[in-house]
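This report refers to the structure that appears directly beneath it.
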Amino acid sequence: MWKKSVWALVASSVLLFGCGPEAPLRVGFIGGLSDRNSDNGQAGHNGVILAVEQVNRAGGINGRKVELVSRDDAQNRETAARSADELAAEKVEAVIGPFTSAMAAALVPVLAKTDTLVISPTITSMDFFGKDDNLVRINRSTRDNATDYARVLFGRGQRRIAVAYDIRNRSFTESWLKEFRKAFTDVGGTLAAEVPYESRPDVDFSDVVGKMLKGQPDGLLYIAGGIDVARLAQQSRRQAPKLPVSASEWAATEQLLELGGKVVDGLVIVQNYNREDDSPRFRAFREAYFKRFQKNPGYSSVSAYDAATVLFDALRKREAGETVKAAVLRSGPYQGLQQQIVFDANGDTQRKVFFTEISEGRFVLIK
């Protein structure tokens with residue numbers, strides 16, 4: 001009698017646990033959360049956190065909650081590779097990130113070993129364009145952005161542009177510079193100087209700007225992160241206060257405004273979303289983001305939220321035995337916060353951008 005009771009209890013327990021909730025879907029995140037340009041990674045992390053919390057409040061994905069597993073790449077190749085190994089060991093469905101091309105070069109091959117899909121919100125380097133691998137990108141390419149910059153800056157009267165670029169993220173900066181050089185010379189412009197430097201706390205930006213000015217330019221362009229652009233702009237205002245300044249999209253963060261202050265007024269920079277959008281969808285996102293984090297979203301927040309939207313929609317529609325990448329490529333197009341996201345067979349996409357000029361601490365659209 002005792003044995004029968006025990007077995008009945010075991011059977012009941014099996015049935016009870018069998019009827020419980022399914023294990024959560026584990027989704028990875030990787031970004032620079034502790035480096036000099038951590039504003040990009042942190043803002044992107046916030047965007048993904050918000051997306052995860054919202055989908056879980058709505059019941060999860062096909063009844064399964066989403067669990068976010070986050071890692072820091074610290075903008076260091078060894079750290080990025082180690083973090084990628086850890087995410088693969090956690091058996092995440094896919095990884096959202098990284099946010100710089102240099103880190104993508106370090107971690108995409110690591111995650112390819114386990115066929116783990118990487119969805120980068122922001123990387124643009126041509127090093128990753130047109131490849132059938134384990135990477136899809138929410139952003140357009142450096143070729144697209146640099147070509148538009150060449151057109152806009154030439155249209156604003158600049159004919160001789162001096163460039164400073166950070167080789168710490170050379171996969172992005174050298175790709176961007178190569179595409180800009182071609183596009184700008186094609187429309188009749190000249191690069192008066194090309195000054196490489198490696199981002200560190202002790203960089204002498206006065207010397208960097210001095211080298212830029214030796215080419216007698218009529219415009220200065222920085223291909224660097226927000227912290228460095230603020231310091232480059234400061235030195236430029238001291239040495240050549242009348243020259244127009246611009247920066248690549250990498251620097252288009254809230255931190256640039258906070259650190260740059262008055263010295264970045266007039267700086268031209270592109271955004272991959274419309275900051276002035278007052279549509280119900282974007283307004284709801286902006287308000288939810290501010291309520292959750294007590295700050296406004298930046299471009300990496302928007303792109304990371306879009307990346308999460310893509311992944312969650314694809315996971316809902318994934319068929320039995322289908323890889324996550326196959327599901328992502330099959331299940332689109334996707335409705336992002338402001339624009340539709342459509343991937344080609346290699347996971348590349350186009351994205352509309354918006355040129356802005358900083359004025360009194362705000363990114364103002366150039367009409």
Please say whether more than 12 non-hydrogen atoms of neighbouring residues, nucleotides or ligands are located less than 6.0 Å from [atom1] in [X].
{"X": "K65", "atom1": "NZ", "answer": "yes"}
{"X": "Q216", "atom1": "CD", "answer": "no"}
{"X": "E360", "atom1": "CD", "answer": "no"}

Between [X] and [Y], a side-chain donor and acceptor under 3.5 Å:
{"X": "R286", "Y": "N296", "value": "no"}
{"X": "N40", "Y": "T122", "value": "no"}
{"X": "S141", "Y": "D144", "value": "yes"}

Please evaluate residues D115 and T323 with respect to the criterion side-chain hydrogen bond (donor to acceptor under 3.5 Å, both in side chains), reporting the C-alpha separation (whole Å), side-chain torsions for both, the decisive distance (0.1 Å), and the verdict. CA-CA 9 Å; D115 200 26; T323 66; 5.5 Å; no

Counting distance only, does the side-chain N/O of S331 pair as donor-acceptor with the main-chain N or O of V328 below 3.5 Å? no

L33 backbone acceptor or donor facing Q42 side chain under 3.5 Å: yes

If we only count heavy atoms from C-beta on, is the [X] to [Y] side-chain gap below 4.5 Å?
{"X": "R77", "Y": "M103", "result": "yes"}
{"X": "F180", "Y": "L153", "result": "yes"}
{"X": "Q339", "Y": "R351", "result": "yes"}
{"X": "F129", "Y": "T142", "result": "no"}
{"X": "F312", "Y": "Q54", "result": "no"}
{"X": "F343", "Y": "I138", "result": "yes"}
{"X": "N346", "Y": "K131", "result": "no"}
{"X": "I269", "Y": "W250", "result": "no"}

Path from [X] to [Y] over hydrophobic side-chain contacts below 4.5 Å:
{"X": "L135", "Y": "F99", "value": "no"}
{"X": "V92", "Y": "L25", "value": "no"}
{"X": "V66", "Y": "I30", "value": "no"}
{"X": "F128", "Y": "I223", "value": "no"}
{"X": "I123", "Y": "V48", "value": "no"}

SB check [X] [Y] (cutoff 4.0 Å):
{"X": "R283", "Y": "D278", "answer": "yes"}
{"X": "R318", "Y": "E322", "answer": "no"}
{"X": "E93", "Y": "R64", "answer": "no"}
{"X": "K295", "Y": "D39", "answer": "no"}
{"X": "D85", "Y": "R82", "answer": "no"}
{"X": "D132", "Y": "K325", "answer": "yes"}
{"X": "R140", "Y": "E249", "answer": "no"}
{"X": "D228", "Y": "R168", "answer": "no"}

Less than 6.0 angstrom separating the ring centers of F354 and F363, yes or no? no

Does F355 form a ring pair (Phe, Tyr, Trp, His ring centres under 6.0 Å) with Y149? I'd like the steps, not just the answer. CA-CA 9 Å; F355 275 88; Y149 266 85; 5.0 Å; yes

Any chance you could lay out the side-chain contact (heavy atoms from CB on, under 4.5 Å) test for I227 and Q255, step after step, and finish with the verdict? CA-CA 7 Å; I227 293 176; Q255 190 175 51; 3.5 Å; yes

side-chain contact (heavy atoms from CB on, under 4.5 Å) between R330 and K317, intermediate numbers included: CA-CA 9 Å; R330 177 182 59 78; K317 299 172 183 176; 4.3 Å; yes

To the nearest 0.5 Å, what is the distance between [atom1] on [X] and [atom2] on [Y]?
{"X": "R237", "Y": "L232", "atom1": "CZ", "atom2": "CG", "value": "12.0 Å"}
{"X": "R292", "Y": "E53", "atom1": "CZ", "atom2": "CD", "value": "4.0 Å"}
{"X": "K291", "Y": "L50", "atom1": "NZ", "atom2": "CG", "value": "11.0 Å"}
{"X": "I119", "Y": "N134", "atom1": "CD1", "atom2": "CG", "value": "11.0 Å"}

Kindly indicate, with the supporting measurements, whether the criterion side-chain hydrogen bond (donor to acceptor under 3.5 Å, both in side chains) is fulfilled by Q338 and N274. CA-CA 8 Å; Q338 291 186 344; N274 180 4; 5.5 Å; no

Y289 vs S301, side-chain hydrogen bond (donor to acceptor under 3.5 Å, both in side chains): CA-CA, chis, key distance, verdict: CA-CA 9 Å; Y289 188 99; S301 313; 3.1 Å; yes

On the 0 to 90° scale, with breaks at 30° and 60°, tag the F282-Y273 ring pair as parallel, tilted or perpendicular. tilted

Should the pair R159 and F154 be classed as cation-pi, given the thresholds of under 6.0 Å to the six-membered ring centre and 45° from the axis? yes

